[in-house]
Amino acid sequence: MRENGPVTSATRQPETPAAAVPPRLIATDLDGTLLRDDKSVSPRTVAALAAAEDAGIEVFFVTGRPARWMDVVSDHVHGHGLAICGNGAAVVDLHGGPGAHRFVKVRELARENALDAAVLLREAAPGTVYAIEQTYGFHQEPDYPALHMEIPDNLAPAEDLLAPDGPGAEEPVLKILAFHPTIDPDAFLTLARLAIGDRATVTRSSPSALLELSGPGVSKASTLALCCAERGISHEEVVAFGDMPNDVEMLTWAGRSYAMGNAHPDVIAAASGRTVANNDDGVAVVIERMLAERA
């Protein structure tokens with residue numbers, strides 16, 4: 001199901017103090033947040049997630065990863081089994097296991113917007129190269145570096161990949177990946193947002209100059225807000241965790257939010273609290289404390 005119309009507001013408004021509201025949903029990023037640097041989920045974190053679900057608190061994995069990279073947590077889904085992937089571009093049912101996931105909601109980046117954004121960004125930052133993420137397909141330009149350890153379905157210029165009759169034209173585009181070999185990552189993000197304007201949402205989650213372009217208004221926060229509205233969960237009842245700029249909107253929206261000890265400065269500024277680093281099980285530390293307070 002493709003969706004990219006009006007969405008629930010992802011702007012948090014001050015209401016009841018968040019600490020006084022019992023949590024009903026935990027929203028956690030994966031890389032640099034829930035996962036340790038070796039991409040494992042520690043036994044302590046596995047136990048904390050299970051304890052939260054047992055206490056009636058839903059857990060949503062909210063990540064920039066594509067659905068095909070969700071095998072790292074597929075053994076740890078409980079209850080609904082849903083995850084928000086591609087920075088909000090898709091809601092995926094993980095119950096089928098690796099390779100058998102089902103797209104529940106898709107918020108695509110229109111090809112016309114995608115092509116406009118790619119052209120404008122390359123004009124502003126010559127040397128930018130692109131890859132294209134679709135629901136199942138992955139395509140890239142010939143000069144795009146081997147960042148993702150997978151073989152692309154097609155190699156061609158972005159103009160051909162994003163043409164109306166281009167590769168995978170029957171599939172929605174979820175996001176564009178834009179890489180520059182020399183520009184500072186934060187400077188590249190600022191430049192891209194100015195160049196692209198409202199044609200796409202631009203963010204980043206990599207330590208390198210790798211940007212992620214999604215549909216206008218599509219973010220982790222806006223898709224999480226939609227999922228919560230469907231469940232009758234208010235932002236005050238959400239506890240969120242993150243570490244990189246693509247988490248900022250989600251952390252700002254949630255009633256309680258925690259920047260990891262290893263977080264980007266913008267994330268620390270956006271969150272209402274801070275926990276220890278991902279390698280020290282910072283998500284589990286907070287969940288354990290929350291559950292102890294409920295006891």
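These numbers come from the heavy atoms of this one structure, side chains and all, not from hydrogens, waters or symmetry mates.
- Atom CG of L161 and atom OH of Y130 lie 12.0 Å apart (nearest 0.5 Å).
- The structure places CG of N279 at 7.0 Å from CG of N262, a figure rounded to the nearest 0.5 Å.
- Of all heavy-atom pairs between V283 and M260, the closest is N-CE, 3.9 Å.
- Under the 4.0 Å criterion applied to side-chain N and carboxylate O atoms, R68 and E150 are assigned as salt-bridge partners.
- Counting only heavy atoms from C-beta outward, the side chains of R204 and P245 approach each other to under 4.5 Å.
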Derivation of the side chain to side chain donor-acceptor pair (under 3.5 Å) call for S219 and E249: CA-CA 7 Å; S219 69; E249 293 89 349; 5.3 Å; no

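- Taking each heavy atom of A55 and L291 in turn, the nearest pair found is CB-CD2, 3.9 Å.
- In this structure a side-chain-to-backbone donor-acceptor pair under 3.5 Å is present from E237 to S234.
- Residues F61 and M70 come closest through the heavy atom pair CB-CE, 4.3 Å.
- Proximity of a side-chain donor or acceptor of H235 to a complementary backbone N or O of C228 within less than 3.5 Å is not detected.
- Considering only heavy atoms from C-beta on, D29 stays 4.5 Å or farther from M244 through its side chain.
- For the pair S257 (side chain) and S272 (backbone), a donor-acceptor distance under 3.5 Å is present.
- With hydrogens and angles ignored, the 3.5 Å screen pairs a side-chain donor or acceptor of T252 with a backbone N or O of V248.
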Between I84 and V92, is a side chain to side chain contact (heavy atoms under 4.5 Å, CB included) present by the stated rule, with each step listed? CA-CA 6 Å; I84 295 173; V92 183; over 6 Å; no

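- In the hydrophobic clustering of this structure, I183 groups with V202; members are Ile, Leu, Val, Met, Phe, Trp, Tyr whose side-chain heavy atoms approach within less than 4.5 Å, directly or through other members.
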Determine, step by step, whether L82 and C227 satisfy the side chain to side chain contact (heavy atoms under 4.5 Å, CB included) criterion, reporting the C-alpha distance in whole Å, the side-chain angles of both residues, the deciding distance to 0.1 Å, and the verdict. CA-CA 10 Å; L82 299 179; C227 292; 5.9 Å; no

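- N246 pairs in a side chain to side chain contact (heavy atoms under 4.5 Å, CB included) with only one of the listed residues (T63, T203, V267), which is T203.
- Two residues are said to be in side-chain contact when any heavy atoms from C-beta on lie closer than 4.5 Å; I57 and R294 meet this criterion.
- In this structure, the side chains of T190 and L194 come closer than 4.5 Å at one or more pairs of heavy atoms.
- Scanning for salt bridge (charged side-chain N to carboxylate O under 4.0 Å, His left out) contacts around R289 gives an empty result, with sequence neighbours left out.
- Looking at heavy atoms from C-beta onward, I151 lies out of side-chain contact with F138 at the 4.5 angstrom threshold.
- A salt bridge between E133 and R65 is absent, with no side-chain N of the basic residue lying under 4.0 Å from a carboxylate O of the acidic one.
- Below 30°, between 30° and 60°, or above 60°: for Y144 and F179 the angle between ring planes is above 60°, a perpendicular geometry.
- Looking at Q140, its side chain never comes within 3.5 Å of a backbone N or O of I132 through a donor-acceptor pair.
- Between the side chain of T201 and the main chain of G217, a donor-acceptor pair closer than 3.5 Å is present.
- Both V119 and L213 sit in one connected hydrophobic cluster of ILVMFWY residues. Membership requires side-chain heavy atoms under 4.5 Å apart, directly or through other members.
- Nearest heavy atom pair, residue M250 against residue L224, reads CG-CD2, 3.8 Å.
- Salt-bridge check for E159 with R122: passed, with a basic side-chain N closer than 4.0 Å to an acidic carboxylate O.
- The main-chain N or O of A271 is never found under 3.5 Å from a side-chain atom of Y258 such that the two would form a donor-acceptor pair.
- Inter-residue side-chain proximity for R199 and E112 is flagged as unmet; no heavy-atom pair is nearer than 4.5 Å.
- In this structure, CD1 on I176 lies 11.5 Å from OG1 on T128, to the nearest 0.5 angstrom.
- For the atom pair R44 CZ and L49 CG, the distance stands at 12.0 Å (nearest 0.5 Å).
- With 3.5 Å as the limit, one finds no donor-acceptor pair spanning the side chains of T45 and R36.
- Residues V104 and F60 share a single hydrophobic cluster, defined by chaining ILVMFWY side chains whose heavy atoms lie under 4.5 Å apart.
- The nearest pair of heavy atoms linking L211 to A192 is CD1-CB, 3.3 Å.
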Would H264 and D243 satisfy side chain to side chain contact (heavy atoms under 4.5 Å, CB included), going step by step from the backbone distance to the final call? CA-CA 6 Å; H264 186 281; D243 73 306; over 6 Å; no

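- Salt-bridge check for R256 with E236: failed, with every basic side-chain N at 4.0 Å or more from each acidic carboxylate O.
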Side chain to side chain contact (heavy atoms under 4.5 Å, CB included) between D31 and K39: does it pass, once the steps are laid out? CA-CA 7 Å; D31 297 281; K39 306 306 178 185; 2.8 Å; yes

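- Linking Ile, Leu, Val, Met, Phe, Trp and Tyr residues whenever their side-chain heavy atoms come within less than 4.5 Å places Y136 and V106 in a single cluster.
- Ionic pairing of R231 and E58 is present here: one or more N-O contacts between side-chain nitrogen and carboxylate oxygen are shorter than 4.0 angstrom.
- In this structure, CG on N154 lies 12.5 Å from CD on E141, to the nearest 0.5 angstrom.
- Remark: side-chain polar atoms of D184 are paired, donor with acceptor, to backbone N or O of D186 under 3.5 angstrom.
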Decide side chain to side chain donor-acceptor pair (under 3.5 Å) for N87 and S214; before the verdict, give the C-alpha distance in whole Å, the side-chain angles of both, and the deciding distance to 0.1 Å. CA-CA 8 Å; N87 291 327; S214 304; 4.9 Å; no

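- I268 places a side-chain heavy atom less than 4.5 Å from the side chain of R274.
- Taking all atoms of both residues into account, the shortest heavy-atom contact from N278 to L35 is ND2-O, 3.0 Å.
- Note that the CG atom of D116 and the CD1 atom of I196 stand 10.0 Å from one another [nearest 0.5 Å].
- Criterion: ILVMFWY side-chain heavy atoms under 4.5 Å apart, direct or through other members. Under it, L191 and V129 are not part of a common hydrophobic cluster.
- A side-chain donor-acceptor contact under 3.5 Å links E212 to the backbone of S205.
- Proximity of T135 to E108: side-chain heavy atoms (C-beta onward) are nowhere separated by under 4.5 Å.
- Under the 3.5 Å distance criterion, the side-chain polar atoms of D247 are left unmatched by any main-chain donor or acceptor of F241.
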